[in-house]
Participant: 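Let me give you the structure first, and then I'll get to my questions.
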There are 2 protein chains.
Amino acid sequence: MERQTRQRAAIRAAIAQAGRPLLPQEVLEQAQREVPALGLATVYRTLRSLSEEGSIATVQLPGDNVRYEPAVSPHHHHFQCTDCRRVFDVHACPGDLQRLAPEGFQIESHELTLYGRCRDCGAPGRAQARADLPPGSCAC
Amino acid sequence: MERQTRQRAAIRAAIAQAGRPLLPQEVLEQAQREVPALGLATVYRTLRSLSEEGSIATVQLPGDNVRYEPAVSPHHHHFQCTDCRRVFDVHACPGDLQRLAPEGFQIESHELTLYGRCRDCGAPGRAQARADLPPGSCAC
DNA sequence: TTGTATGCAAAGCGTTTGCAGTGAT
DNA sequence: ATCACTGCAAACGCTTTGCATACAA
């Protein structure tokens with residue numbers, strides 16, 4: 001059975017209070033304010049077990065490391081800022097994606113990631129967007 | 001300037017003839033049938049330069065390693081079979097995604113990945129889907 | 001007391017880089 | 001003859017694992 005430890009509580013709290021999906025390293029830094037001796041291996045082990053028990057959800061963005069967020073929202077997508085790289089929840093969904101599938105392909109689920117400028121970073125100016133994010137710009 | 005080598009030709013050919021996005025390791029194995037002494041580092045370096053010059057495109061699926069495909073289609077998405085893990089192009093796009101963004105967020109591009117059963121694998125039966133793919137099933 | 005959880009360090013895995021030798025121009 | 005390209009091995013960043021210790025239960 002699971003044991004209640006200071007480390008586990010700190011990790012839970014870090015994710016619950018972040019307001020956005022966190023990288024394991026970010027979870028570590030946040031949780032260390034509570035438990036300074038906390039190790040990264042413990043963070044990874046705890047994130048895995050919390051994820052398996054359904055307490056937290058993984059956020060997988062194309063070409064980026066896994067992030068974790070509270071497992072509250074039923075279905076949503078994500079927005080990543082091309083400038084500050086932070087990730088935000090998007091509580092909307094295009095819906096009806098089965099129509100996009102080729103003949104004979106049955107869709108069970110989907111992942112959508114939006115890229116652009118977040119509210120803080122504003123429109124692209126002298127500080128241009130990092131070039132190492134997915135292109136995919138289209139007029140759709 | 002760029003030089004034409006057997007290695008580069010073999011790598012180009014591997015991607016051009018694959019018919020689906022390939023992992024670097026798959027590119028290596030295919031290209032080694034032409035140039036047995038080919039090294040993985042050369043594959044990575046060549047994939048990068050071909051990608052930068054626009055000859056090939058990167059395919060980044062959430063939580064999976066980068067794949068490469070010919071840079072032909074202008075804008076499309078991908079379908080990954082939850083059974084055989086293969087990736088297929090989807091030449092369709094939901095479009096008009098700006099409406100999904102929160103106030104103040106400007107969308108520049110997007111990535112969409114569809115998951116389900118490909119034509120070959122059919123509906124889920126006794127051979128159940130691998131559990132290590134993104135969930136995200138919804139009624140949208 | 002018992003055994004899970006922890007911290008540290010080492011190992012894995014995919015990818016990148018340093019360097020000397022190879023080969024296209 | 002140049003100098004970009006190649007192969008090998010070492011280095012890297014992120015994640016996982018081995019092992020002895022710490023601490024909930």
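Since we're looking at a predicted model, the values are computed, not measured. Letters A, B, ... are given to chains in the order of the sequence lines, protein chains preceding strands, and every chain is numbered from 1.
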Participant: When the distance from CG of B:L47 to C1' of C:dG14 is rounded to whole Å, what number comes out?
Facilitator: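 Rounded to whole Å, this separation is 13 Å.
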
Participant: What is the separation between atom CG on A:L28 and atom P on D:dG13, rounded to the nearest whole Å?
Facilitator: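 After rounding, the gap between these two atoms is 17 Å.
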
Participant: Establish, with yes or no, whether the OP1 or OP2 oxygen of D:dG7 is under 4.0 angstrom from a side-chain nitrogen or oxygen of B:Q7.
Facilitator: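 Checking D:dG7 against B:Q7, a side-chain N or O does come within under 4.0 Å of OP1 or OP2.
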
Participant: Ignoring backbone atoms, establish whether B:T5 has a side-chain N or O less than 4.0 Å from OP1 or OP2 of D:dC5.
Facilitator: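 Checking D:dC5 against B:T5, no side-chain N or O comes under 4.0 Å of OP1 or OP2.
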
Participant: Nearest to the B:E2 side chain among D:dC5, D:dA9, C:dG7, which nucleotide is it?
Facilitator: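 Nucleotide nearest to B:E2's side chain: D:dC5.
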
Participant: Starting at atom CD of B:Q32, determine the distance to atom C1' of D:dC8, rounded to an integer number of angstrom.
Facilitator: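 Spelled out: CD on B:Q32 to C1' on D:dC8 is 14 Å.
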
Participant: Of the listed nucleotides (D:dA24, D:dG18, C:dG23), which one gets closest to any side-chain atom of B:R3?
Facilitator: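 Nearest to the side chain of B:R3 among the choices is C:dG23.
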
Participant: Whole Å only: how far is the CG atom of A:L38 from the P atom of D:dC23?
Facilitator: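 Interatomic distance, CG of A:L38 to P of D:dC23: 14 Å.
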
Participant: Could you state the CG-P distance from B:L40 to D:dC5, rounded to the nearest angstrom?
Facilitator: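 Rounded to the whole Å, the gap is 18 Å.
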
Participant: Within the 3.5 Å criterion, strictly below it, is a donor on B:Q30 or B:E26 matched to an acceptor on the partner's side chain?
Facilitator: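 Looking only at side-chain atoms, B:E26 and B:Q30 do not form any donor-acceptor pair under 3.5 Å.
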
Participant: Check whether A:L47 and A:V59 end up in the same hydrophobic cluster, where Ile, Leu, Val, Met, Phe, Trp and Tyr are linked by side-chain heavy atoms less than 4.5 Å apart.
Facilitator: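 No.
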
Participant: Indicate whether OP1 or OP2 belonging to C:dG14 is found under 4.0 Å from a side-chain N or O atom of B:R67.
Facilitator: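 B:R67 to C:dG14 OP1/OP2: no side-chain N or O under 4.0 Å.
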
Participant: Please confirm whether any donor atom in the side chain of B:R45 sits under 3.5 Å from an acceptor in the base of C:dG18, or the reverse.
Facilitator: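 Result: at least one qualifying N/O pair found.
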
Participant: In whole angstrom, give the distance that lies between atom CD of B:E52 and atom P of C:dT16.
Facilitator: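 Computing the B:E52:CD to C:dT16:P distance gives 10 Å.
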
Participant: Measure the shortest side-chain to side-chain distance between B:T113 and A:H110 over non-hydrogen atoms and say whether it is less than 4.5 angstrom.
Facilitator: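 Sidechains of A:H110 and B:T113: no contact.
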
Participant: B:R6 has an atom CZ; how far is it from atom P of C:dG23, in whole Å?
Facilitator: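 In whole Å, C:dG23 P and B:R6 CZ are 8 Å from each other.
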
Participant: Will you find, in the side chains of A:E108 and B:T82, an N or O donor that is under 3.5 Å from an N or O acceptor?
Facilitator: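 Yes, a side-chain donor-acceptor pair sits under 3.5 Å.
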
Participant: Can you tell which of C:dC8, C:dT25, D:dC5 lies closest to the side chain of B:R8?
Facilitator: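 The nucleotide sitting nearest to the side chain is D:dC5.
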
Participant: If I take atom CG in residue A:L23 and atom P in nucleotide D:dC14, what distance separates them, rounded to the nearest angstrom?
Facilitator: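 My rounded result for the distance is 9 Å.
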
Participant: Of the listed nucleotides (D:dC14, C:dA5, D:dG7), which one gets closest to any side-chain atom of A:N65?
Facilitator: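 Nearest to the side-chain atoms of A:N65, counting from C-beta on, is D:dC14.
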
Participant: Does B:E53 have more than 12 heavy atoms from other residues, nucleotides or ligands lying within 6.0 Å of its CD?
Facilitator: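 Counting neighbours around CD of B:E53, more than 12 heavy atoms of other residues, nucleotides or ligands fall under 6.0 Å, so yes.
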
Participant: Quick one: label B:Q25 by what it contacts on the DNA or RNA (base, sugar-phosphate, nothing), any heavy atom closer than 4.0 Å.
Facilitator: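 Nothing: the residue B:Q25, judged by heavy atoms under 4.0 Å, touches no strand.
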
